[in-house]
Amino acid sequence: MNRLQKQMKREFEDKELFEQARSYAYEYIDGIEEMNVFPSQSSLKNLTRFDEPLQEKTIRAKEIIDQLHAFGSPATIAQIGGRYFGFVNGGAVPVSLGVKWLSDIWDQCGGLYLTSPVNAMLEDVCENWLKDIFDFPQETVAGFVSGTSMANLCGLAAARFHLLHKLGWNVHESGLNGAPKLRILAHEQVHASVKKTLGMLGFGTNSIEWLPSDDQGRLVVKELPKLDNHCLILLQAGNVNTGAFDDFDTVCDLANQVGAWVHIDGAFGLWARATKTLSHLTKGMEKASSWAVDGHKTLNTPYDSGIIMCRYPDALVSALQSTGEYIIYSKQRDPLLYTPEMSKRSRAIELWATMKYLGKDGIDQMITTFHERAKQLELGLRKLGLKVINDVVFNQVLIAGENDERTKEMIQYVQESKECWVGGSTWQEKQVIRISICSWMTSKQDIERTIAVFEKAIKNKCRLY
Ligand SMILES: *Cc1c(COP(=O)(O)O)cnc(C)c1O
């Protein structure tokens with residue numbers, strides 16, 4: 001062994017660097033409830049400490065952990081705490097972080113059964129559990145990808161392959177030039193990642209038949225044109241602003257009568273289906289052809305975790321595969337068949353642990369609690385005289401001020417409080433405050449503290465009206 005090998009071997013053996021990482025991680029967890037939800041100016045400034053030329057010599061691992069904790073930890077978003085309400089991010093269930101730690105040490109390449117039997121097994125288990133929780137058709141398969149952006153890409157690629165195949169065209173071999181023209185139907189409120197995907201797959205956003213949506217961002221079903229077997233219809237379970245759900249039941253029935261494909265983007269909303277009180281929002285969803293959902297949002301797994309589910313295994317696998325001769329397929333599951341990636345993180349491990357820990361009741365309770373907290377917040381804000389402009393059907397709360405300026409001032413006030421973090425968004429051409437409840441840690445007290453920030457803002461003459 002050369003000197004470098006010996007140094008690294010010693011680091012494996014004496015565990016000092018791992019112990020160091022562990023103690024910093026514990027310190028972080030213990031401080032989470034009172035840390036700034038968004039980093040202070042000075043913490044952000046300190047990030048420039050990382051901006052240095054790469055030195056010539058190898059250094060000790062411990063120094064690196066020290067540097068990361070000293071300047072990295074204070075510049076994090078308190079995402080795993082209870083008062084970060086930005087975007088639709090979600091926290092992390094403790095056991096999911098625990099198994100991530102252990103499996104990070106394994107460093108498994110999750111592409112093949114041969115490169116990680118344990119990951120292949122846990123993907124199979126997750127696939128079965130997800131089908132069961134969501135009550136999806138038995139033939140459904142799941143691919144484990146980095147997020148819903150990627151899951152949407154996979155679902156739409158499967159749709160493209162399947163619809164063209166039925167029309168006598170192999171898109172894998174012949175491409176899109178000269179192919180029968182598919183009709184993409186989407187309403188104005190599809191997520192940005194879906195628009196991106198349509199561009200990447202060669203459809204182009206200009207070729208979409210745009211459909212109208214209502215004041216909550218739901219497809220206006222009676223405006224749906226006559227469908228045929230060239231149609232790919234894009235629906236949503238959980239609008240990223242309002243949290244609204246499309247009418248899957250009606251649209252899927254119409255689509256299935258003519259052999260059209262319905263893809264549902266349910267990044268955070270699909271989990272409503274795993275509850276008793278909110279599952280009515282997802283009625284008829286099981287009749288779609290593909291579904292995209294995240295683990296890392298409302299289910300609170302760590303990043304990155306997205307899932308594509310598809311009821312036509314052949315379409316999904318054909319759309320995503322080249323048949324490289326060097327791939328050794330086995331009788332067991334080869335995870336890469338269901339994803340665009342080959343080498344990949346064994347991310348099903350955290351998904352498995354989270355579902356197994358919570359069980360069906362725990363999942364139901366966690367998701368339902370997001371809704372209850374959102375209703376608590378809605379009520380509290382209304383009492384302060386603020387206008388909540390969406391129907392709080394799930395976990396999203398939208399507030400609008402008298403004009404965009406006032407709304408922006410309020411967002412800034414709340415963000416600068418560092419007590420909580422709310423984001424801005426645009427809804428029906430208006431600036432709005434968007435609050436998303438999706439961390440298991442968010443308690444009633446966290447919601448009260450958040451309402452108190454708005455109350456203080458109003459007292460300090462930061463007024464929405
Ligand atoms: C977040 C989100 C996406 C994108 O998912 P990522 O996991 O961020 O890639 C797509 N659609 C909706 C509705 C979302 O909320």
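Side-chain atoms are counted along with the backbone in the values below, which use heavy atoms only and exclude waters and symmetry mates. Because the structure is a prediction, the values reported are computed rather than measured. In each ligand, atom 1 is the first atom listed, and ligand 1 is the first ligand listed.
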| remark: shortest atom 9 (O) of ligand 1-to-protein heavy-atom contact is with Ser149 OG, 2.6 Å
| Numbered atoms of ligand 1 (with element) below 4.0 Å of Gly238, judged on heavy atoms | 13 (C)
| query | So which bit of Met150 gets within less than 4.0 Å of ligand 1, heavy atoms only: side chain, backbone, both or neither? | reply | neither
| message | Once rounded to the nearest 0.5 Å, what's the spacing between atom CG of Leu167 and atom NE2 of His162? | response | 9.5 Å
| request: Please indicate whether any nitrogen or oxygen in Thr148 is less than 3.5 Å from any nitrogen or oxygen in ligand 1. | output: yes
| query | Is ligand 1 less than 4.0 angstrom away from at least one heavy atom of Val88? | reply | no
| field | Met441 atom CE, over 12 foreign heavy atoms within 6.0 Å | value | yes
| request: Run the numbers for me: atoms of ligand 1, each under 4.0 Å from some heavy atom of Asp294, listed by number. | output: 5 (O), 6 (P), 7 (O)
| field | Donor-acceptor under 3.5 Å (Thr354 side chain, Thr301 main chain) | value | no
| remark: Residue pairs meeting salt bridge (charged side-chain N to carboxylate O under 4.0 Å, His left out), one or both in residues 292-301, sequence neighbours left out, come to Asp294-Lys297
| said: As an exercise, identify every atom of ligand 1 less than 4.0 angstrom from a heavy atom of Phe268. | reply: 15 (O)
| task | Run the numbers for me: atoms of ligand 1, each under 4.0 Å from some heavy atom of Lys297, listed by number. | result | 1 (C), 2 (C), 3 (C), 4 (C), 5 (O), 14 (C), 15 (O)
| query | Among Lys196, His191, Gln236, which one has a heavy atom closest to atom 3 (C) of ligand 1? | reply | His191
| task | Could you list the atoms of ligand 1 found under 4.0 angstrom from a heavy atom of Val240? | result | 15 (O)
| request: Any chance you could lay out the side-chain contact (heavy atoms from CB on, under 4.5 Å) test for Leu377 and Val388, step after step, and finish with the verdict? | output: CA-CA 10 Å; Leu377 181 67; Val388 174; over 6 Å; no
| Protein contact of atom 11 (N) of ligand 1 - nearest heavy atom, named by residue and atom, plus distance | Asp265 OD2, 2.7 Å
| message | I'd like to know if the side chain of Asn89 pairs up with that of Gln79 as donor and acceptor (distance under 3.5 Å, no hydrogens or angles considered). | response | yes
| query | Does a sphere of radius 6.0 Å around NZ in Lys287 hold more than 12 heavy atoms from other residues, nucleotides or ligands, not counting ones at 6.0 Å or beyond? | reply | yes
| query | For the residue pair Phe370 and Trp440, is the inter-centroid distance of their aromatic rings smaller than 6.0 Å? | reply | no
